[in-house]
Amino acid sequence: MVGKICGTGSYAPPHIMDNNDLAKIVDTSDEWIRERTGIVRRHVIQEETTSYMAGQAAMRAIEQSGTDPEEIDLILAATSSSETVFPCMACEVQKMIGAKRAAGFDINAACTGFVLAYNTAQAYISAGIYRTVLVIGAESMSNMVDWTDRSTCILFGDGAGAVLLKAEEGTPCRMAAYSDGKKGEALTALSRHRKGWEELTGEEKKSDKESYIQMDGQAVFKFAVRKVPEIVEELLGQENLGVEDVDWFILHQANRRIVEAAAKRLKADIAKFPMNLDEYGNTSGASIPILLDEMNRKGMFERGQKIVLAGFGAGLTWAACLTEW
Ligand code: UT7
């Protein structure tokens, strides 16, 4: 058995911050951000929560597929920035969409989260355990960044995406995943204090600042450019396929230069690497399902097309899947 995508959905908060808005807050410029990252604007939550965005994206995917929410067996939610530690976001979404029968849990692996959740869904389906699985990626990165740190705050955005998978007869997907905890310090965010900023002592303020995203950008860049092509080649090699056999390479949207460098290393046509980070920035675990939904709604997929999904990020973690539309 294999899970086939039968519906996609996404949600981006309506409030937009473009690069010029950021140049008013930190010492940066539209030119620097565009050149180094490809990002032009990002959507940022105001009243919305991560679960709310996840629920909206899920409803759109369910509606598109014409599925009764009570058919859903499992909800997997990839997030590192939910407004609650528990209940988990999957249970919050279950409540919103009325998926009464579904089991649900969250997967926290930062920017790799969606691919790991997708792979987990495919594993349950191919084992015959579940037939209908909702996979979500939703993040409020604006709550995680230090808005005084120009090296990180310009990169991220908020949003959610979802896909609904249904079991069909067929060969299971090829998938792979890795972690390298020894390199975890390259990208960290600690749990937050529950007090307001004004109530914190000096020491707490210091560590509160450290609780925001801290990143060695160049280390993460180099890691991504090396590991993404490696894992993609591993999957293709297992199927005796070349890059020319793949219709779309849907990579985590962190930086345009990372996507371009991965395409170059793979000697693959960059036209097969769609990007939307100009509009959303890096939405971490939400970036791949948002892109899938945009492409689907533009009619860019055809039944049977071969698609590679690849995520990478904090942990350090990286994962990929060779799947068919
Ligand atoms: O989702 C997975 C997690 N994250 C990533 O994948 C991010 C991976 N890393 C990257 O995308 C890039 O490393 C960044 C976009 C974060 C940074 O680009 P870079 O080309 O590696 O720049 P850099 O860190 O080497 O900085 C170059 C210069 C520095 O100034 P000096 O030392 O050359 O004078 C920085 O201080 O750019 C400066 N700089 C900025 N200037 C204007 C850093 N941030 C900014 C900024 N605006 N926002």
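When a ligand or atom number is given, it counts from 1 through the structure's own listing order. As a basis for the values below, the full set of heavy atoms in this structure was taken, side chains included, without hydrogen atoms, waters or symmetry mates. We count residues from 1, following the sequence as given.
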- Task: Please write down residue, atom name and distance for the protein heavy atom closest to atom 16 (C) of ligand 1.
- Result: L155 CD1, 3.9 Å
- When you measure from atom 23 (P) of ligand 1 to every protein heavy atom, which one gives the shortest distance, and what is it? Q218 NE2, 3.7 Å
- Message: Return the CD1 to CE distance between I136 and M89, rounded to the nearest 0.5 Å.
- Response: 6.0 Å
- To which protein heavy atom is atom 4 (N) of ligand 1 closest, and what is the distance rounded to 0.1 Å? M215 SD, 3.3 Å
- Is atom 47 (N) of ligand 1 in close reach of the protein, with a heavy atom under 4.0 Å away? yes
- Message: I'd like to know whether CD of E63 has more than 12 heavy-atom contacts from other residues, nucleotides or ligands below 6.0 angstrom.
- Response: no
- Item | Per-atom contact, atom 29 (C) of ligand 1, protein heavy atoms, under 4.0 angstrom | no
- Message: Using the rule salt bridge (Lys or Arg N to Asp or Glu O under 4.0 Å), only one of R303, K306, R174 pairs with E324; which is it?
- Response: K306
- Query: Among all protein non-hydrogen atoms, which one is nearest to atom 39 (N) of ligand 1, and what is the separation to 0.1 Å?
  - Reply: W32 CZ2, 3.5 Å
- Message: Is atom 32 (O) of ligand 1 near the protein, in the sense that some protein heavy atom lies at less than 4.0 Å from it?
- Response: no
- Verdict with supporting geometry, I307 and F249, side chain to side chain contact (heavy atoms under 4.5 Å, CB included): CA-CA 6 Å; I307 300 169; F249 294 90; over 6 Å; no
- Message: Considering both backbone and side-chain atoms of N255, is one of its nitrogen or oxygen atoms within less than 3.5 Å of a nitrogen or oxygen in ligand 1?
- Response: yes
- Message: Suppose I only count heavy atoms of C111 and a 4.0 Å limit; which atoms of ligand 1 are within that range?
- Response: 1 (O), 2 (C)
- Message: With a heavy-atom distance limit of 4.0 Å, tell me whether N282 approaches ligand 1 through its side chain, its backbone, both, or neither.
- Response: side chain
- Task: List the closest protein heavy-atom neighbour of atom 6 (O) of ligand 1: residue, atom name, distance to the nearest 0.1 Å.
- Result: A254 CB, 3.3 Å
- With a 4.0 Å cut-off, strictly under, does atom 44 (N) of ligand 1 pick up any protein heavy atom? yes
- Message: For atom 18 (O) of ligand 1, what is the closest protein heavy atom, and at what distance to 0.1 Å?
- Response: R257 NH2, 3.5 Å
- Item | Note, E302 side chain near W325 side chain (heavy atom, < 4.5 Å) | no
- Would you mind telling me if ligand 1 is within reach of the side chain of V26, the backbone, both or neither, using heavy atoms under 4.0 Å? neither
- Item | atom 35 (C) of ligand 1: nearest protein contact (heavy atom, Å) | R150 NH2, 3.8 Å
- Item | For atom 5 (C) of ligand 1, the protein heavy atom that lies nearest, with its residue and separation | V220 CG1, 3.6 Å
- For T37, take its heavy atoms, then give the atoms of ligand 1 lying under 4.0 Å from any of them. 15 (C)
- Message: With a 6.0 Å cut-off (strictly less than), is the heavy-atom count around NZ of K183, excluding the residue itself, greater than 12?
- Response: no
- Item | Structural part of L187 in contact with ligand 1, heavy atom criterion under 4.0 angstrom | side chain
- Message: Considering both backbone and side-chain atoms of G217, is one of its nitrogen or oxygen atoms within less than 3.5 Å of a nitrogen or oxygen in ligand 1?
- Response: yes
- Short N/O distance, under 3.5 Å, between H252 and ligand 1? yes
- N255 side chain reached by N282 side chain, heavy atoms, under 4.5 Å: no
- Message: Please check: side-chain N/O of T37 versus main-chain N/O of I33, any donor-acceptor pairing under 3.5 Å?
- Response: yes
- Message: Could you tell me, atom by atom, which parts of ligand 1 come under 4.0 Å of a heavy atom of T28?
- Response: 42 (C), 46 (C), 47 (N), 48 (N)
- Message: For W248 and F301, take the angle between the two ring planes, folded into 0 to 90°, and tell me which bin it lands in: parallel under 30, tilted 30 to 60, perpendicular over 60.
- Response: perpendicular
- Item | Test item: K227 side-chain N/O and F312 main-chain N/O as donor-acceptor pair under 3.5 Å | no
- Message: Please evaluate residues W318 and F223 with respect to the criterion ring-ring contact (aromatic ring centres under 6.0 Å, His included), reporting the C-alpha separation (whole Å), side-chain torsions for both, the decisive distance (0.1 Å), and the verdict.
- Response: CA-CA 10 Å; W318 62 108; F223 143 77; 5.4 Å; yes
- Separation between CD of Q305 and OG1 of T323, rounded to the nearest 0.5 Å: 12.0 Å
- Flag yes if more than 12 heavy atoms outside E47 fall under 6.0 Å of its CD atom; otherwise flag no. no
